[in-house]
Amino acid sequence: MDYIFILTLAATLVLFALFERVKKFIFLISFQGVLLFGIALINLLHINTLELVLILLETIVVKSIIIPIFLRKMTIQNQLKRVHEVNVPVFYSIIFTSFFILGSFLLSSFLQLPNINSRIFSIGFASVIFGIYFIAIHKNIFSHLIGYLIIENGIFLFSVGVGSQMPLLIGLAILLDVLIGVLIIGIFVNKVKDRFQSIDIAQLSQLKD
Amino acid sequence: MLLYYFIFSLLISLSILFFKKKKLSNSLIIVFLLGQIAITLFAYQNINQTDSAFFKFDALGILFTMILSILSIASFYYSRFYLDYKDSSIKNESYYYSLFILFIVAMTAANFAQNMAILWVFVETTTLLVAGLVYFDRSKIAIEASWKYLFIGSIGIAIAFIGILFISVVDIKNGVMALNFDELIQHTKQLNPLWVKISFLFILTGFSVKLSSVPLFPASIDAKTVAPGPVNALMSTALINVGFITIFRFFVVFSHTDSFLWVRNVILIAAISSLIFSAIQLFKVKRYTRLYAFSSMEHVSLVLLGLYTGGIAYYAAILHLIFHSFIKAGLFYQITGIKQTYHSVWFKDSGNYFRIRPIDALVVLLGLILITAIPPSGLFFTELTIFKGLFLSNNIFIAILSLLLLTIIIYIIAKKIMHLLYGVQPKTYKETTNTSNKYAFIPVLILFALTIFIGIHPPHFISELINSSIVLLK
């Protein structure tokens with residue numbers, strides 16, 4: 001069953017490389033939240049009600065609802081519609097993304113990690129690498145925020161892959177920290193837009209001596 | 001006890017933010033500082049005791065919190081000058097003080113965190129708070145610096161979290177997770193060497209933003225270029241100590257594994273490359289804040305070299321951080337004075353400081369002597385010990401290379417400071433706009449005197465705390 005979720009998640013990574021509309025990025029982030037919930041639910045053993053609530057909060061409530069709503073508000077406020085400035089042509093990006101996914105699966109089968117869910121580990125690894133690639137090829141800071149969220153989702157998959165179940169209180173603290181972090185990064189995107197009249201990263205180069 | 005301290009500090013911070021009354025803020029800051037001193041003393045009295053489930057008052061945590069508490073008092077004192085200089089509104093002042101208090105609390109919590117995930121949470125919290133404090137100036141470069149710090153810092157910390165995940169899962173089959181450092185040390189035999197190596201790479205990369213070392217140092221350097229002086233003083237000292245304590249705690253765990261040699265080699269690469277980068281970058285710097293920021297990077301490299309060398313150099317590395325904290329904080333406090341005098345921190349706008357502000361200039365000169373490790377600076381003794389360790393362990397090439405780079409760095413720092421002290425008076429300088437305070441140098445002088453005193457005659461309790469910190473290292 002988790003194959004379906006993992007393959008769909010891999011497909012969302014390819015779609016991230018394909019799309020240019022901001023609206024679709026937000027939809028994909030939201031959709032990834034749902035997929036993460038599915039993967040976590042199937043794979044985390046000995047799960048109790050409180051832990052289930054935490055995962056539900058982390059994936060569905062935060063990743064699929066709160067953050068996408070916040071991002072949507074941000075795009076409306078800054079009138080962002082389409083991301084034009086990509087360093088690498090879309091066609092190449094799709095090929096690269098496919099390589100990341102394939103490479104991650106090959107790497108984890110090559111390493112033969114003991115007692116690890118290698119499928120989830122692989123897709124988590126691919127997400128983190130793709131997130132970094134996504135940040136590197138985009139020139140605007142809104143896309144960088146999306147890249148950061150993809151990395152965060154990758155890390156969530158890692159934690160499911162290695163079977164880690166944090167104590168509830170710590171899990172909540174981490175969740176709160178990450179959420180506040182994303183919200184503050186979002187607020188700073190707005191500040192940059194207000195002050196520089198643009199969210200192009202090229203504008204942010206006045207500090208060099 | 002720490003839980004009460006968190007609640008107490010949070011209440012103070014929120015009260016300052018919401019009431020926005022100058023007198024009330026000042027009184028609350030004094031109350032907070034008393035609380036900060038109290039928690040430091042409490043920790044010292046209850047050494048090695050667990051507190052509030054996830055924390056432990058261990059020797060290194062106590063030592064760094066002592067430094068933090070001393071510097072917090074000085075930072076609040078200089079914040080007054082900084083805010084007066086900026087002529088900021090009461091609203092902005094409340095925002096500043098409120099975040100500053102939380103920043104100090106987050107660092108205290110990180111110093112005492114015994115649980116890896118909790119340590120991660122508080123280090124991430126410092127990232128968010130520093131971004132808010134750097135943004136205080138509201139200028140274009142302040143936004144740029146805070147954005148870079150926030151974004152690169154968050155990505156770095158996210159990467160470090162992967163490292164924590166890898167190392168914490170000791171026995172996956174049975175779902176055993178060791179999140180406490182003490183617990184992890186007992187399970188080191190069960191750790192997979194490959195995972196140990198990967199996780200250390202992630203952890204070092206992630207926390208390098210705090211430590212101001214390779215690879216993620218640019219974000220921290222940019223933030224220090226524009227941060228308010230008193231914030232900068234803590235970012236370049238107490239926050240670097242937090243970065244160090246984080247890496248050191250993992251380092252202690254890894255010292256019990258078979259991959260320790262590999263870990264030490266990674267530390268060596270980070271140290272040497274940080275030293276090379278800071279030497280190269282120092283040729284390009286044009287601002288005093290950036291000069292001091294790269295100087296911190298140089299000292300962190302030496303501390304990392306101490307970790308690589310081992311033996312007596314462990315002791316020297318920690319002592320080096322103590323000296324560096326007092327001297328660098330003093331120099332950053334002096335920046336506020338320079339700003340008040342020239343209304344700029346650029347080299348081109350400064351000069352002839354000895355004629356304009358003789359006493360302050362004398363203090364800067366003393367600072368230069370101390371930061372470049374010229375006796376009676378305590379740094380002289382620690383650097384001597386680290387290099388002695390390198391030579392004795394047959395790392396002659398590394399020692400010579402480091403000494404060469406250090407010579408370049410000292411030359412550039414001395415040249416730039418000499419320009420400030422004796423250079424031609426800039427045309428932009430006007431006596432009428434000089435708003436610097438006559439007595440602002442006193443706390444800096446106290447900090448410098450403390451460094452010299454500890455260097456010549458280290459108090460017994462400091463030696464004891466450092467020795468207890470390194471006792472677990474193999």
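To find a chain, count down the sequence lines: A is the first, B the second, and so on, and within it residues start at 1.
Ranking A:I151, A:V192, A:I180, A:I141 against chain B, the residue ahead of the rest is A:I141, based on heavy-atom pairs under 4.5 Å. In terms of heavy-atom pairs under 4.5 angstrom with chain B, the leader among A:I135, A:V178, A:V128, A:L176 is A:I135. When the candidates B:G132, B:P218, B:S154 are compared by the number of heavy-atom contacts under 4.5 Å with chain A, B:S154 comes out ahead. With respect to chain A, the highest number of heavy-atom pairs below 4.5 Å among B:K140, B:Q281, B:K284, B:K286 belongs to B:K140. Comparing B:I162, B:I159, B:T127 by heavy-atom pairs within less than 4.5 Å of chain A, the highest count is held by B:I162.
Ring pair B:F277/B:F217 is tilted by interplanar angle, where 30° to 60° counts as tilted.
If you measure heavy-atom distances from A:I184 to chain B, the contacts under 4.5 Å come from both the backbone and the side chain. Residue B:R287 touches chain A through both its backbone and its side chain, counting heavy-atom pairs closer than 4.5 Å.
The pair B:K56-B:D51 does not meet the salt-bridge criterion, since no charged nitrogen lies less than 4.0 angstrom from a carboxylate oxygen.
Rounding to the nearest 0.5 Å gives a distance of 9.0 Å between CG of B:L179 and CD1 of B:I118. Considering CG of A:L175 and CD of A:E58, their distance stands at 5.0 Å, rounded to 0.5 Å.
A donor-acceptor contact closer than 3.5 angstrom links the side chains of A:S93 and A:Y133.
The two residues A:S108 and A:F121 have their closest heavy-atom pair at CB-CD2, 4.2 Å.
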